[in-house]
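In what follows, every chain begins at residue 1, and chains take the letters A, B, ... in the order their sequences are listed.
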Amino acid sequence: MTFREFKSEAENVVEEALKRSSYPTVEFNLSEPAEEHYGDLASNIAFQIAKDLRRPPMKIAEDIARLIDLSRSNLIQDVSADPPGYINFRLNYKALAERLLPSIQSSDGVKVADLGKGAKVTVEHTSVNPNKALHIGHLRNVAIGDAVYRLLKHSNYNVKVLNYIDDSGAQVADILVGFLHLNYPQEPPSDVKFDHYCGDTIYVKVNEMYEQNPNLLEKQRQILKELEDPASKISEFAKSITSKILIEQLKTCWRFGVRYDCLNFESHIVHSRLWDRVFKELKEKGIVKYAEDGRLKGCWIVEVEGEEEGEEKVLVRADGTTTYVAKDIPYAAWKIGLVEDPFNYIEYVKQPDGSPLWATDLNQGFKKTDFYGAEKTIVVIDVRQSRLQRIIKAVLSQLSKGVEDRYIHLGYAVVSLSPQTAKEMGFSEEERLLHMSGRKGIYLNADDVLDALKKKALEETVKRNPNESLEWCERVSESIAVAALKFDLLKQDLDKIVIFDLNKSLRLEGDTGPYILYSYVRACRILEKADEEDIAPTTTNINITTPTEKKLLKDLSKFDLIVEEAARNLSPKTLARYTIDLSTSFNNFYESAPVLSCSDAAIRGTRLMLVRGFKSVLGKAIDLLGLPKVERM
RNA sequence: GGGCCCGUGGCCUAGCAUGGAUCAAGGCGUCGGCCUUCGGAGCCGAAGAACAGGGGUUCAAAUCCCCUCGGGCCCGCCA
């Protein structure tokens with residue numbers, strides 16, 4: 001918001017000084033010094049010049065610093081050359097406060113850079129097979145996808161969120177086998193959600209039975225065959241089951257604070273014959289080849305860039321059916337507008353935030369242009385799918401130039417169970433982390449984890465709020481649980497495996513979501529009391545004095561730079577880390593700079609503005625991460 | 001066998017894109033402090049002294065390059 005201006009002022013004065021000097025023009029950068037006491041920004045320009053001229057950097061830094069003219073700068077307090085050759089700039093905190101604080105007294109004033117200029121982008125995430133409940137691993141996908149959506153939307157992209165529903169695969173047939181051939185009742189026990197029932201009981205049991213009873217596998221194949229006809233009785237039955245599961249899954253996602261724009265059903269993509277059109281073009285352009293002989297005789301295959309011969313991927317089997325990856329190609333082509341839209345759209349359900357959730361349909365509904373033909377499309381899927389995603393992208397690139405930049409696979413490492421949790425749950429006795437498996441029943445259901453977190457938060461909330469109703473405490477605890485889990489899944493690098501430990505992840509202290517919420521609540525309390533005591537913020541006589549005030553102010557001023565970085569790199573982690581840092585700065589300020597009891601009116605008023613500004617900025621950061629907010633806890 | 005990713009104090013992580021400053025930063029855990037002060041889900045301090053190992057590039061490497069080791073994932077006419 002203004003750190004950006006400080007930075008560009010510093011850039012300008014260095015460039016101008018360089019022009020006035022006898023030194024050659026070079027590229028340089030400005031970064032924050034390792035230690036606060038060096039200043040607020042440092043230029044490495046002297047090192048860059050020293051490299052070319054083979055002269056001591058310190059001398060060069062001194063020469064340039066001497067030529068720097070600050071007369072037209074507002075936010076630079078002073079500048080110095082320091083060993084071994086840095087040019088350090090210090091912020092004029094009073095000027096920064098006067099510029100920044102009035103603008104962020106309400107959340108409307110907290111602006112984010114316009115990166116998107118309204119460009120149409122789709123983000124696909126969640127995409128859980130509709131035969132089971134979401135587990136903790138799925139939640140990483142959901143949290144990342146939702147945060148990316150929020151980051152892009154606020155950076156002025158026109159973002160639509162897609163959720164791909166594979167309603168015609170073998171996993172769905174497995175559930176049908178359970179109902180039709182193992183006589184599972186169609187209603188779950190009264191205290192069990194339908195998605196849990198299908199996933200925890202039927203899916204796992206059916207897969208166990210396949211091993212003992214090969215006949216059952218034959219039944220599954222039969223069901224799959226019958227599912228190909230959308231008008232068949234079994235298709236209708238499948239649809240009723242998958243819809244029931246899907247709605248339960250959506251409830252979990254809504255509980256997690258997530259929304260979507262459109263459900264894309266695989267069965268619709270298959271029956272739309274999109275594949276035929278794309279396949280025809282792939283053949284005409286020679287992108288797919290027919291294997292005349294060899295191991296893959298009779299198949300249509302593509303070569304995979306960067307892989308050895310003999311590693312070709314089959315798109316169409318010898319029997320004429322399409323493979324998994326082939327099914328994704330027309331869908332991806334649809335997303336970026338390489339094919340016409342064959343779908344109608346119906347309003348599937350109203351979401352808790354009031355927005356409609358649309359779904360593809362082949363018969364009824366309207367035509368809509370919102371969901372296909374995006375400038376960029378981002379698909380959030382774990383890294384195990386990287387090779388397939390690369391193949392899809394490569395095939396599309398051959399159909400149309402420029403697809404490389406428009407089709408983006410956002411991969412992330414999986415969530416695994418810690419040895420302790422694996423033992424506690426009775427999944428394993430080994431001292432190593434355990435990968436989850438829906439088929440084997442090795443996972444923790446998302447709802448169960450949230451419930452456990454909520455229970456823990458509730459104990460604390462009730463203890464701290466003896467005068468509040470149980471309903472109130474429950475509501476707050478639910479928010480704390482969601483914030484804790486979501487933040488835990490967002491805060492680390494996408495390339496790193498999340499080792500989920502039931503006990504450790506139930507933490508409410510330290511680098512956690514509750515820490516952030518707690519900081520927010522503290523700010524709310526101060527503002528509430530200030531209101532009661534009729535203490536108004538200063539707007540004319542701003543006075544920044546202490547180190548913790550300065551640090552908080554500086555952190556606030558960086559918000560838009562951080563959001564920009566996070567949005568550009570599709571990196572929720574970047575914002576998550578900032579949010580912790582900002583909260584820490586506030587808590588330090590809170591300990592050392594009393595607001596309401598401060599006797600100096602100007603200082604008190606300034607601090608109050610800082611608290612308000614903090615509430616606005618942190619509130620925005622919380623929104624962008626997709627965490628729930630609470631005003632008391 | 002080929003490809004991708006990870007390896008930072010006892011444990012978990014940030015920093016790596018764009019190499020630089022005397023102490024490489026947080027959290028957890030351990031030990032010790034801080035409520036007559038806006039809420040202690042907080043703050044302060046201490047101990048531990050660590051960028052997997054080796055080589056290279058550079059005035060300067062946790063960061064770039066190469067090799068080795070350890071761990072994970074992917075490599076099906078399954079999805």
Side-chain angles (χ1 to χ4, degrees), chain A residues 27-29 31 33-35 38 42 44 47 50-51 54 56-57 82-86 88 129 166 168-172 266 291 295-301 304 306-308 311 313-325 327 382-388 390 411 413-414 416 432-433 435 457 460-461 464 480 484 491-499 501 504 507-519 521-530 533 535 569 573-574 576-577 580-581 583-584 586-588 590-598 607-608 611 632-633:
Chain A
E27 294 279 309
F28 65 95
N29 68 33
S31 58
E35 303 287 330
Y38 291 121
N44 67 345
F47 295 104
K51 194 185 294 184
R54 306 200 146 270
D82 299 303
Y86 284 99
N88 286 315
N129 292 332
D166 183 353
S168 55
Q171 339 75 19
V172 170
E266 180 175 83
R295 176 172 69 85
L296 303 176
K297 186 176 177 192
C299 298
W300 289 89
I301 57 178
V304 182
E307 292 186 10
E308 307 273 317
E311 301 276 311
K313 186 72 196 165
V314 173
L315 295 189
V316 179
R317 302 180 189 102
D319 68 4
T321 56
T322 52
T323 57
Y324 175 67
V325 64
K327 283 184 210 166
D382 74 61
V383 280
R384 291 173 299 186
Q385 303 269 356
S386 293
R387 178 171 178 255
L388 294 182
R390 206 171 56 240
V414 295
S416 294
R432 46 186 295 185
L433 49 87
H435 291 302
E460 195 66 28
T461 307
R464 287 160 185 262
I480 293 169
K491 74 179 176 193
Q492 73 188 328
D493 198 283
L494 298 183
D495 288 335
K496 284 191 172 154
I497 293 175
V498 170
I499 299 163
D501 186 283
K504 287 183 186 155
R507 268 193 315 118
L508 305 173
E509 295 124 32
D511 272 1
T512 64
Y515 176 82
I516 293 163
L517 293 190
Y518 184 71
S519 311
V521 164
R522 280 181 144 183
C524 290
R525 281 291 68 67
I526 294 175
L527 295 176
E528 197 178 87
K529 294 222 164 166
E533 295 173 27
I535 300 172
N569 299 333
K573 166 193 74 173
T574 303
R577 295 281 161 192
I580 283 286
D581 291 344
S583 299
T584 300
F586 176 74
N587 283 319
N588 285 321
Y590 184 95
E591 297 287 336
S592 71
V595 180
L596 303 178
S597 61
C598 179
R607 287 180 180 170
L608 200 53
V611 175
R632 273 190 299 145
M633 64 192 275

*Which one is paired to B/A52, where only Watson-Crick or G-U wobble pairs with both distances under 3.5 angstrom count?*
B/U68
*Output yes when at least one side-chain N/O atom of A/His435 is less than 4.0 Å from OP1 or OP2 of B/G72, else no.*
no
_With nearest nucleotide decided by heavy atoms, which residue, A/Met633 or A/Ala318, maps closer to the 5′ end of RNA chain B?_
A/Met633
*Using a 4.0 Å heavy-atom cut-off across all strands, classify A/Ser168 as base, sugar-phosphate, or nothing.*
nothing
_Over all strands shown, is A/Ile580 touching base, sugar-phosphate only, or nothing at heavy-atom distances under 4.0 angstrom?_
nothing
*Hey, does A/Asp493 reach any base, or is it just sugar-phosphate, or nothing, if we go heavy atoms under 4.0 Å?*
sugar-phosphate
*Mark yes when over 12 heavy atoms from residues, nucleotides or ligands other than A/Glu533 sit less than 6.0 Å from its CD; otherwise mark no.*
yes
*asked:* Base, sugar-phosphate or nothing for A/Asp581? Non-hydrogen atoms, less than 4.0 Å.
replied: nothing
*When you compare B/C12 with B/A52, how far apart are their P atoms, in angstrom units rounded to a whole number?*
14 Å
*asked:* Between B/A21 and A/Tyr38, is there a base-stacking contact, meaning the centre of the base's six-membered ring lies under 5.5 Å from the residue's ring centre while the planes stay under 30° apart?
replied: yes
*With P as the reference atom in both, quote the distance from B/C16 to B/U63 in angstrom, rounded to an integer.*
12 Å
_Nearest-angstrom distance, P atom, B/C44 to B/U8_ = 26 Å
*Roughly how far apart, to the nearest Å, are B/C11 and B/C69 at atom C1'?*
22 Å
*Checking all strands, does A/Pro33 fall into the base, sugar-phosphate, or nothing category for heavy-atom contacts under 4.0 angstrom?*
base
*Classify the side chain of A/Asp511 and the base of B/A14 as holding, or not holding, a donor-acceptor pair under 3.5 Å.*
no
*Kindly point out which of B/A21, B/C77, B/G42 is positioned nearest to the side chain of A/Cys299?*
B/C77
*NA contact type, A/Asp382, heavy-atom cut-off 4.0 Å: base, sugar-phosphate, or nothing?*
nothing
_Using the side-chain heavy atoms of A/Tyr590, tell me which of these nucleotides is nearest: B/A17, B/C38, B/C44._
B/C38
_Checking side chain to side chain contact (heavy atoms under 4.5 Å, CB included) between A/Leu388 and each of A/Arg384, A/Arg390, A/Gln385, which is the one that passes?_
A/Gln385
*Is B/A46 paired to anything, Watson-Crick or G-U wobble with both distances less than 3.5 Å, and if yes, which nucleotide?*
B/U30
*How would you label the contact of A/Ile301 with the nucleic acid (heavy atoms, under 4.0 Å): base, sugar-phosphate, or nothing?*
nothing
_A/Tyr515 aromatic ring stacked with six-membered ring of B/G42, 5.5 Å and 30°_ = no
*Check whether any side-chain heavy atom of A/Asn129 lies under 4.5 Å from a side-chain heavy atom of A/Val172, and answer yes or no.*
no
*asked:* Any base atoms under 4.0 Å from A/Val383, or only sugar-phosphate, or nothing? Heavy atoms, all strands.
replied: nothing
_Interatomic distance, A/Lys496 NZ vs B/A14 P [rounded to whole Å]_ = 4 Å
_Nucleotide nearest A/Asp82 (side chain, heavy atoms from C-beta), chosen from B/G27, B/A21, B/C38_ = B/A21
*asked:* Can you tell me which nucleotide in B/C23, B/A79, B/G42 comes closest to the side chain of A/Glu35?
replied: B/C23
*Quick one: A/Arg387 CZ to B/C73 P, roughly how many Å, whole number?*
17 Å
_What's the closest nucleotide to the side chain of A/Leu388 if the choices are B/G39, B/G20, B/A79?_
B/A79
*Using only heavy-atom distances, determine whether the side chains of A/Asn587 and A/Tyr518 contain a donor-acceptor pair under 3.5 Å.*
no
_Please give the distance between the C1' atoms of B/U37 and B/G42 as a whole number of Å._
14 Å
*In the strands shown, is B/G76 matched to any nucleotide by a Watson-Crick or G-U wobble pair with both distances under 3.5 Å, and which?*
none
*Report which part of the nucleic acid A/Lys491 touches: base, sugar-phosphate, or nothing (heavy-atom distance under 4.0 Å, all strands).*
nothing
*Nearest-0.5 Å distance, CD1 of residue A/Ile497 to CG of residue A/Leu494*: 13.0 Å
_OG1 on A/Thr323 to NZ on A/Lys313, rounded to 0.5 Å_ = 6.0 Å
_In whole Å, I'd like the distance from the CD atom of A/Gln385 to the P atom of B/C78._
16 Å
*Rounded to the nearest Å, what distance is computed from the CD atom of residue A/Glu591 to the P atom of nucleotide B/U37?*
13 Å
*So which nucleotide does B/C35 pair with, by the Watson-Crick or G-U wobble rule with both distances under 3.5 Å?*
none
*When the distance from CD1 of A/Ile499 to P of B/C12 is rounded to whole Å, what number comes out?*
6 Å
*Could you please name the partner base of B/A25, counting Watson-Crick and G-U wobble pairs only when both distances are under 3.5 Å?*
B/U13
*Using the C1' atom on both, measure B/U58 against B/G19 and round to a whole Å.*
9 Å
*Point-to-point distance, once rounded to the nearest 0.5 Å, from OG of A/Ser583 to CG of A/Asn588*: 11.0 Å
*How would you label the contact of A/Val414 with the nucleic acid (heavy atoms, under 4.0 Å): base, sugar-phosphate, or nothing?*
nothing
*asked:* Base, sugar-phosphate or nothing for A/Ile497? Non-hydrogen atoms, less than 4.0 Å.
replied: sugar-phosphate
*Taking the side chain as every heavy atom from C-beta outward, state whether A/Val611 and A/Tyr590 have any atom pair closer than 4.5 Å.*
no
*Paired with B/G20 by Watson-Crick or G-U wobble geometry, both distances under 3.5 Å: which nucleotide is it?*
B/C59
*asked:* Heavy atoms from C-beta onward define the side chain here; which of B/G39, B/A79, B/U13 lies closest to that of A/Arg577?
replied: B/U13
_Within the 4.0 Å heavy-atom criterion, would you say A/Ala530 contacts the bases, only the backbone, or no part of the nucleic acid?_
nothing
*Decide, for B/C35, between syn and anti: a glycosidic angle within 90° of 0 counts as syn, anything else as anti.*
syn
*Compare all side-chain heavy atoms of A/Arg387 with those of A/Val304 and state whether any distance is below 4.5 angstrom.*
yes
_Side chain of A/Arg384 - closest among B/G72, B/A21, B/C74_ = B/C74
*Check every strand shown and say whether A/Arg525 touches a base, only sugar-phosphate, or nothing at a heavy-atom separation below 4.0 Å.*
base
*Could you tell me whether A/Ala484 contacts a base, only the sugar-phosphate backbone, or nothing, with contacts defined as non-hydrogen atoms closer than 4.0 Å?*
nothing
*What is the distance, rounded to the nearest whole Å, between atom CG of A/Asn44 and atom C1' of B/G19?*
10 Å
_Using the P atom as the point on both nucleotides, what is the distance between B/U30 and B/C38, in whole Å?_
29 Å
*Nearest whole angstrom, please: distance from the C1' of B/G27 to the NZ of A/Lys504.*
12 Å
*Walk me through it: do A/Arg577 and A/Asp511 pass the test side-chain contact (heavy atoms from CB on, under 4.5 Å)?*
CA-CA 9 Å; A/Arg577 295 281 161 192; A/Asp511 272 1; 3.9 Å; yes
*Rounding to the closest angstrom, what is the interatomic distance between B/G20 and B/A60 at atom P?*
14 Å
*Nearest-angstrom distance from the residue atom CZ of A/Arg507 to C1' of B/G26*: 11 Å
*Consider the side chain of A/Asp495, meaning its heavy atoms from C-beta on, and name the nucleotide among B/C6, B/G40, B/C73 that approaches it most closely.*
B/C6
